[in-house]
*Asks:* 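Mind looking over this structure? Questions follow.
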2 protein chains.
Amino acid sequence: MTISDVAKRVGVSAITVSRYFTNPEKVSADLRERIALVVAEFGYVPNLAAGGLASARSRIVGMVIPNISSPIFANTIQSFSDRLSLHGYQLLLASSYFSRELEENAVRAFLGWTPAAIVLTGHFHTDATETLIERASFPVVETWDLQPQRKPIQVGFLHRDVGRDATQYLFGKGYRRIAFVQNSGTGDYRSLDRRDGYTAVMAEHGLEPILFAPTVLPQLEAGEQSFEALMKRDNPVDAIIFANDSLASGAILSAQRKGINIPEKCAIFGFGDYAISEKLSPSLTTIRPPAKEIGEVAASCILALTGAIPQDAEFQHLNPLPCELIERESA
Amino acid sequence: MTISDVAKRVGVSAITVSRYFTNPEKVSADLRERIALVVAEFGYVPNLAAGGLASARSRIVGMVIPNISSPIFANTIQSFSDRLSLHGYQLLLASSYFSRELEENAVRAFLGWTPAAIVLTGHFHTDATETLIERASFPVVETWDLQPQRKPIQVGFLHRDVGRDATQYLFGKGYRRIAFVQNSGTGDYRSLDRRDGYTAVMAEHGLEPILFAPTVLPQLEAGEQSFEALMKRDNPVDAIIFANDSLASGAILSAQRKGINIPEKCAIFGFGDYAISEKLSPSLTTIRPPAKEIGEVAASCILALTGAIPQDAEFQHLNPLPCELIERESA
DNA sequence: ACTCAAAATGTTAGCGCTACCATTTTGAGT
DNA sequence: ACTCAAAATGGTAGCGCTAACATTTTGAGT
């Protein structure tokens, strides 16, 4: 079943049927109806590979995210995919697990489809990836992070500022022995940026930074482990900033079991504002990143640049996208 | 940059370069090296649309899941994608939000790429989708559910049995006024199957089923709402089975805040075994579905049927895939 | 009725690759 | 050295579609 078969059946040329699919408004209403009828009758589905080859374009958008299971990225993927699919674009998804090499593989694979755009997480790539996206003839969007002086469109915020804001908030509340717990065993350099923001503020105030890196991988357990280790110190901390809400939740749940009062004994600060954070006892003070917004804005940029929506909508977002500090009970 | 350019540069014909990519073992070691060199030098990436058109095959696998954000499906997607990408397959992902119409759209869009396979969630489709997958010349896999007498490969388990097991477990523990809380506002018929299992066991024992459908959407809040409503009844329940662990977590967190003892006052039973479930106080008794396994087995089936791995590995899984009842503190 | 731009439709060629079959080269067995 | 199957390589055609341009039809303005 090809486009010519449909065309023959309708009594028009193939190109008219092609137009029916790509530019329906260029086909007369009468023909439009007759074509629709035949298409429905045969259940004809255009061969997108052929179309892509002929036009050197496609409605495929490739996206590389560190991992699908993280609540943080899931929202971005979901909102991104939703907005794109509204305009007939399809999402080719790959996970990098924070590995630049896996990211490169994914980008290479995407390239073969002459995608409409590619979306990456962050700006830290292999040299080969850099070359590939440099040469790309389609939009490349980097999400979740900002790094000036780069060619790709960026949709994100400064993680350093997030770390700074969290630390300043705790400092303002009177905490001084503030620790930072890193993300365990990943190449997540964005959490390291947040840490750097923390370290900088500590240094400003002449305070010694206290860093802890958990050794186990499941986030909740890593949070428990970190919390317990930091409480056991000779000079225990009075506040902890966690690299994400899962780690922080682990700490709160552990404190709860052990009957340790939070924030009296130790304040807990997270990052991510996961669904659970607000429901914990005590509820988790955290910074909500614009996860959903990142997906939406990235999609809008792509749609604007490929002409699917008016161009002027393109850069109507403010970079950095705003994070929100959510004060709750834990800090 | 086309395959012919590479071929010219190496001094061979295009078809040899093509073989280098699809059947490297059919190209002599010497040529393989020389081709690799030129490919690397120019950063050549084969045009997959052209290849797909010429061969009427592709390494794209389309997957429709209800939604990406749910921890339940995220694990399936992740394990599925991971296994496939190991063999050079790519994942085209779409969400249905439990809508059969959105599912149909997605399937239609996938079809245009002559995919290697399509994976759906469940067996409840529109008539048009049924027709499309009936005619498909590639494997179609239905996941998360079993329904006998269907053509597609199925990888899942019986949700009715899950509901039955949960209810019987609680009955065995002496609970009699057992309620079931449904998933709020979705077309998730699998949770209704679990409910039917519950209703059946209640009927067997001559007990009145107590059903509650929350009216709010965020799962944790829906769980809270349900729990509070069920505790306020004139004849309060002594155990609640929730359609999933998010709802159940909402209930536990709410009980905790209100100082209601679980399971003494009311037992709580979930479904899903999310990461948080084991860490709650009290920890959540639940049934762990084989989320990861579903993804892996689905991928293996597809790889076997498309010849990427030996055929005999194909149906080495037992259907239904086993769920595990995890007894913890809440019931 | 006539003009002429705009709208609607058609013709031709080719996108980059692989299937299919043909041809050449290799090397183990004699 | 010779045979001959197996391995390696190549030529040709065509996959199904759309870009670019060409042609025909339409209908508002006179």
Side-chain angles (χ1 to χ4, degrees), chain A residues 1-36 38-39 42-60 88 108-109 111-116 137-138 306-307, chain B residues 1-36 38-39 42-60 88 108-109 111-116 137-138 306-307:
Chain A
M1 191 85 226
T2 73
I3 208 171
S4 308
D5 297 330
V6 175
K8 247 174 251 161
R9 183 76 190 227
V10 179
V12 294
S13 73
I15 190 72
T16 303
V17 179
S18 168
R19 284 198 190 98
Y20 165 79
F21 282 108
T22 50
N23 280 99
E25 74 280 0
K26 299 230 162 177
V27 177
S28 65
D30 166 53
L31 236 41
R32 221 150 44 199
E33 252 174 60
R34 285 164 50 203
I35 294 174
V38 174
V39 165
F42 292 142
Y44 167 74
V45 177
N47 183 321
L48 299 175
L53 176 58
S55 68
R57 289 185 278 105
S58 83
R59 293 199 164 201
I60 277 191
R108 225 179 263 287
L111 246 35
W113 295 106
T114 54
S137 56
F138 47 78
T306 56
Chain B
M1 191 84 226
T2 74
I3 208 171
S4 308
D5 298 330
V6 175
K8 247 174 252 161
R9 184 74 191 229
V10 179
V12 293
S13 72
I15 189 73
T16 302
V17 179
S18 169
R19 283 199 192 97
Y20 165 81
F21 282 108
T22 51
N23 280 99
E25 74 281 1
K26 300 228 164 179
V27 177
S28 64
D30 166 53
L31 236 43
R32 220 150 44 200
E33 251 174 61
R34 284 164 52 204
I35 293 173
V38 173
V39 165
F42 292 143
Y44 166 74
V45 177
N47 183 323
L48 298 175
L53 177 58
S55 68
R57 289 185 278 104
S58 83
R59 295 200 162 200
I60 278 192
R108 226 179 263 286
L111 246 35
W113 295 107
T114 55
S137 56
F138 47 79
T306 55

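In what follows, chains are A, B, ... by sequence order, proteins preceding strands, each numbered from 1.
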*Asks:* Stepwise, does the side-chain contact (heavy atoms from CB on, under 4.5 Å) test hold for B:D5 with B:Y44?
*Replies:* CA-CA 9 Å; B:D5 298 330; B:Y44 166 74; over 6 Å; no
*Asks:* Report the nucleotide, chosen from D:dC17, D:dG10, C:dG16, that has the shortest atom-to-atom distance to any side-chain atom of B:I15.
*Replies:*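 From the listed options, D:dG10 comes nearest.
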*Asks:* Look up atom OG in A:S28 and atom CD1 in A:I35, then write down how far apart they are to the nearest 0.5 Å.
*Replies:* 8.0 Å
*Asks:* When you check the phosphate oxygens OP1 and OP2 of D:dG10, does a side-chain N or O of B:R19 lie under 4.0 Å from one of them?
*Replies:* no
*Asks:* By nearest atom, which of the nucleotides C:dG16, C:dT18, C:dT11 is closest to the B:N47 side chain?
*Replies:*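 The nucleotide sitting nearest to the side chain is C:dG16.
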*Asks:* Between P on C:dT26 and CG on B:L31, what's the gap in Å once rounded to a whole number?
*Replies:* 12 Å
*Asks:* Has A:E33 got more than 12 heavy atoms of other residues, nucleotides or ligands less than 6.0 Å from its CD?
*Replies:*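 Result for CD/A:E33: open.
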*Asks:* For A:E25 and C:dA8, what is the distance between atoms CD and P respectively, to the nearest whole Å?
*Replies:*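 About 9 Å, once rounded to whole Å.
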*Asks:* Counting just side-chain N and O atoms, does A:S13 come under 4.0 Å of either OP1 or OP2 of C:dG10?
*Replies:*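 So the side chain of A:S13 is within the cut-off, an N or O lying under 4.0 Å from OP1 or OP2 of C:dG10.
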*Asks:* I need the CZ-P distance between A:F21 and D:dC17, as an integer number of Å.
*Replies:*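 From A:F21 CZ to D:dC17 P: 9 Å.
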*Asks:* In this structure, how many angstroms lie between the P atom of D:dG16 and the CG atom of A:L48, rounded?
*Replies:* 14 Å
*Asks:* Side-chain N or O of A:S4 less than 4.0 angstrom from OP1 or OP2 on D:dC17?
*Replies:* no
*Asks:* Quickly work out the A:K8 NZ to D:dC17 C1' distance and round it to whole Å.
*Replies:* 14 Å
*Asks:* Under a 3.5 Å cut-off for both distances, is D:dA1 Watson-Crick or wobble paired, and to whom?
*Replies:* C:dT30
*Asks:* Across all strands shown, which nucleotide pairs with C:dT23 by Watson-Crick or G-U wobble geometry, both distances under 3.5 Å?
*Replies:* D:dA8
*Asks:* Looking at side-chain heavy atoms only, is the closest gap between B:L48 and B:S58 below 4.5 Å?
*Replies:*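 No. Closest side-chain heavy atoms not under 4.5 Å.
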*Asks:* On the nucleotide D:dT9, are OP1 or OP2 found under 4.0 Å from the side-chain N or O atoms that B:S28 carries?
*Replies:*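 It does, given that an N or O in the side chain of B:S28 lies less than 4.0 Å from OP1 or OP2 of D:dT9.
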*Asks:* Consider the side chain of B:T16, meaning its heavy atoms from C-beta on, and name the nucleotide among D:dG10, C:dA19, D:dA19 that approaches it most closely.
*Replies:*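 That would be D:dG10.
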*Asks:* Starting from the C-alpha separation in whole Å, work towards a yes-or-no answer on side-chain contact (heavy atoms from CB on, under 4.5 Å) for B:V17 and B:V12.
*Replies:* CA-CA 8 Å; B:V17 179; B:V12 293; 4.0 Å; yes
*Asks:* Are OP1 or OP2 of C:dC17 and a side-chain N or O of B:S18 less than 4.0 angstrom apart?
*Replies:* no
*Asks:* Looking only at the side chain of B:P46 (C-beta and beyond, no hydrogens), which of the listed nucleotides C:dC17, D:dT18, D:dT9 gets closest?
*Replies:* C:dC17
*Asks:* Taking for each residue the nucleotide of DNA chain D with the nearest heavy atom, is it A:R57 or B:K26 whose nucleotide lies nearer the 5' end?
*Replies:*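 Whichever sits nearer the 5' end wins; that is B:K26.
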*Asks:* Please report, rounded to the nearest Å, how far the C1' atom of C:dA8 is from the CZ atom of A:R34.
*Replies:*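 Going from A:R34 (CZ) to C:dA8 (C1'), I get 13 Å.
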*Asks:* Please report the distance, rounded to the nearest Å, between OH in A:Y20 and C1' in C:dA8.
*Replies:*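 Value for this atom pair: 17 Å.
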*Asks:* Looking for any heavy atom pair under 4.0 Å, which part of the strands does B:L53 touch: base, sugar-phosphate only, or nothing?
*Replies:*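 Answer is base: heavy atoms of B:L53 come under 4.0 Å of a base.
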*Asks:* Is any side-chain heavy atom of A:M1 less than 4.5 Å from a side-chain heavy atom of A:V6?
*Replies:*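 Result yes, sub-4.5 Å side-chain heavy-atom pair found.
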*Asks:* When you get a sec, tell me which of C:dG10, C:dG16, D:dC17 is the closest nucleotide to the side chain of A:V12?
*Replies:*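 Nearest nucleotide to the side chain: C:dG10.
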*Asks:* What is the distance from CG of A:N23 to P of D:dA20, rounded to the nearest Å?
*Replies:*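 Checked: the CG to P distance equals 13 Å.
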*Asks:* Between A:T22 and B:A50, which residue's closest nucleotide on DNA chain D lies nearer the 5′ terminus?
*Replies:*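 It is B:A50, whose closest nucleotide lies nearer the 5' terminus.
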*Asks:* Who does C:dC15 pair with, Watson-Crick or G-U, both distances under 3.5 Å?
*Replies:* D:dG16
